[in-house]
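One structure below.
For this chain, numbers begin at 1 and follow the sequence in order.
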Amino acid sequence: MILETPRLVLRPFTPADAEDLYDYARDPRVGPIAGWSPHRSVEESREIIRTVFAAPHVFAVELRETGRVVGSVGLVGRHPMGDHPNCPDDEAGYSLRPDLWGKGLMPEAMKAVLDYSFTQIAIKRVWCGHVAGNWRSARVIQKCGFHYCTSRTERHGEQDKLIYYYVLTGEDWRERISGAF
């Protein structure tokens, strides 16, 4: 599946994306706020592509202007409220090169993934969360129309951190794109 936006192409990762992934995933500003350690090598990035990013509904964020992979976005295959087998919910996750933060690229990518989630794969609710203090991520979540739901302390990487969770229902999404609010 390939999703397109005015500035981005969202597509499955390939092994050829390992160098682009490593280029931003090694930056200590990226992974730790999302709960993962900075990548230590191109080979580690290649392994992440082969394992983590090979999951369904996970996309490489390719910048149309350059053809380079500058981030990741997609559904992470879990429910933040615990184990709910066969639940029509999923959690969204994303990352982006720091030199592109604040340019509206991640809300653009997330909106494409949300549209795909609600119209193509019949997700009922999409959850999204951020670590306390990661207000850039909170802003992306708010721009996409999510509503605050709950917060709790969780193991995040090597530490316990407060995580804020938000939810967006398919009904809210349809109202939002129809211009009802």
Side-chain angles (χ1 to χ4, degrees), residues 1-78 90-121 123 126-131 133-146 156-157 164 166 168 173 176-177 179:
M1 173 63 65
I2 296 176
L3 309 176
E4 297 191 39
T5 74
R7 298 181 291 172
L8 305 169
V9 176
L10 308 180
R11 59 167 178 76
F13 274 90
T14 70
D17 298 324
E19 287 188 27
D20 286 349
L21 173 58
Y22 176 66
D23 191 44
Y24 76 84
R26 68 182 174 180
D27 190 312
R29 295 173 290 175
V30 178
I33 59 174
W36 44 271
S37 299
H39 292 194
R40 294 178 300 273
S41 68
V42 173
E43 191 52 46
E44 179 180 3
S45 293
R46 188 171 286 110
E47 181 65 13
I48 294 298
I49 289 169
R50 191 182 70 71
T51 57
V52 178
F53 290 163
H57 320 303
V58 173
F59 302 92
V61 177
E62 180 182 300
L63 192 60
R64 277 187 193 275
E65 182 181 317
T66 64
R68 293 193 67 205
V69 172
V70 297
S72 64
V73 65
L75 301 176
V76 298
R78 67 177 179 249
D90 209 326
E91 184 178 352
Y94 49 84
S95 63
L96 185 68
R97 294 177 60 94
D99 61 318
L100 297 175
W101 291 352
K103 299 183 185 301
L105 293 172
M106 198 44 62
E108 186 175 320
M110 277 290 293
K111 287 175 184 176
V113 169
L114 291 168
D115 185 60
Y116 167 76
S117 298
F118 293 127
T119 64
Q120 302 297 311
I121 58 173
I123 295 289
V126 176
W127 297 81
C128 201
H130 70 86
V131 173
N134 186 356
W135 306 120
R136 290 181 197 276
S137 192
R139 187 68 185 124
V140 169
I141 293 166
Q142 292 162 356
K143 283 182 177 182
C144 292
F146 286 83
H156 204 255
Y164 293 94
Y166 303 75
L168 182 65
W173 174 252
R176 184 175 179 82
I177 63 170

Notebook entry, point to check: Which pair of non-hydrogen atoms, one from His39 and one from Ser45, has the smallest distance, and what is that distance?
Noted result: ND1-OG, 2.7 Å
Note to self: Please determine whether side-chain contact (heavy atoms from CB on, under 4.5 Å) holds for the pair Val73 and Val113, giving the CA-CA distance in whole Å, both sets of side-chain angles, and the decisive distance to 0.1 Å.
What the structure shows: CA-CA 8 Å; Val73 65; Val113 169; 3.8 Å; yes
Check: CZ of Phe13 to CG of Asp20: how many Å apart, nearest 0.5 Å?
Finding: 9.0 Å
Checklist line | salt_bridge(Arg26, Glu44) N-O dist < 4.0 Å | finding: no
Next item on the list: Please report the shortest heavy-atom distance between Arg46 and Pro15, naming the atom on each side.
Entry: NE-O, 4.1 Å
Item checked: Cationic N near anionic O, under 4.0 Å, Asp23 to Arg97 -> yes
Check: Do the side chains of Val61 and Leu105 get nearer than 4.5 Å, heavy atoms only?
Finding: no
Next item on the list: For the residue pair Phe146 and Leu114, establish whether any side-chain heavy-atom pair is separated by less than 4.5 Å.
Entry: yes
Check: Under a 4.5 Å cut-off applied to non-hydrogen side-chain atoms, are Trp173 and Lys111 in contact?
Finding: yes
Next item on the list: Decide whether His130 and Tyr166 meet the rule of one side-chain donor and one side-chain acceptor closer than 3.5 Å.
Entry: yes
Check: Is it true that Tyr116 and Phe59 have ring centroids separated by less than 6.0 Å?
Finding: yes
Notebook entry, point to check: Are the side chain of Arg7 and the backbone N or O of Gly104 linked by a donor-acceptor pair below 3.5 Å?
Noted result: yes
Next item on the list: Return the minimal non-hydrogen interatomic distance between Leu96 and Trp101, and the atom names on each side.
Entry: O-NE1, 2.9 Å
Checklist line | Shortest non-hydrogen contact from Arg64 toward Thr5 | finding: NE-O, 2.9 Å
Check: Any side-chain heavy-atom pair from Met106 and Val70 closer than 4.5 angstrom?
Finding: no
Item checked: Close side-chain approach of Val30 to Trp36, heavy-atom, < 4.5 Å -> yes
Note to self: Nearest 0.5 Å, please: how far is CG in Leu8 from CD in Glu65?
What the structure shows: 10.5 Å
Next item on the list: In plain terms, say whether Arg68 and Glu62 are close enough for a salt bridge, that is, a side-chain N and a carboxylate O under 4.0 Å apart.
Entry: no
Check: Would you say Ser37 and Pro32 make side-chain contact, with heavy atoms under 4.5 Å?
Finding: no
Next item on the list: Go through the steps for Ile49 and Leu21 under the test side-chain contact (heavy atoms from CB on, under 4.5 Å), then give the verdict.
Entry: CA-CA 9 Å; Ile49 289 169; Leu21 173 58; 3.7 Å; yes
Margin query: Ile2 vs Leu10, test: side-chain contact (heavy atoms from CB on, under 4.5 Å). Steps then yes/no.
Written below: CA-CA 6 Å; Ile2 296 176; Leu10 308 180; over 6 Å; no
Notebook entry, point to check: What distance separates Met1 CE from Gln120 CD, expressed to the nearest 0.5 Å?
Noted result: 5.5 Å
Checklist line | Test item: Tyr94 side-chain N/O and Val140 main-chain N/O as donor-acceptor pair under 3.5 Å | finding: no
Notebook entry, point to check: At their closest point, which heavy atom of Ala60 faces which heavy atom of Asp17, and how far apart are they?
Noted result: CB-OD2, 4.4 Å
Margin query: Looking at Glu4, I'd like to know if its CD atom is crowded, meaning that more than 12 non-hydrogen atoms belonging to other residues, nucleotides or ligands lie closer than 6.0 Å.
Written below: yes
Next item on the list: Start with the C-alpha distance between Tyr24 and Arg29, add both sets of side-chain angles, then the distance that settles side-chain contact (heavy atoms from CB on, under 4.5 Å), and finish with yes or no.
Entry: CA-CA 9 Å; Tyr24 76 84; Arg29 295 173 290 175; over 6 Å; no
Next item on the list: Taking all non-hydrogen atoms of both residues into account, name the closest pair between Leu168 and Cys144 and its distance.
Entry: CD2-O, 3.7 Å
Check: Is there a side-chain contact between Pro12 and Phe53, using heavy atoms and a 4.5 Å cut-off?
Finding: no
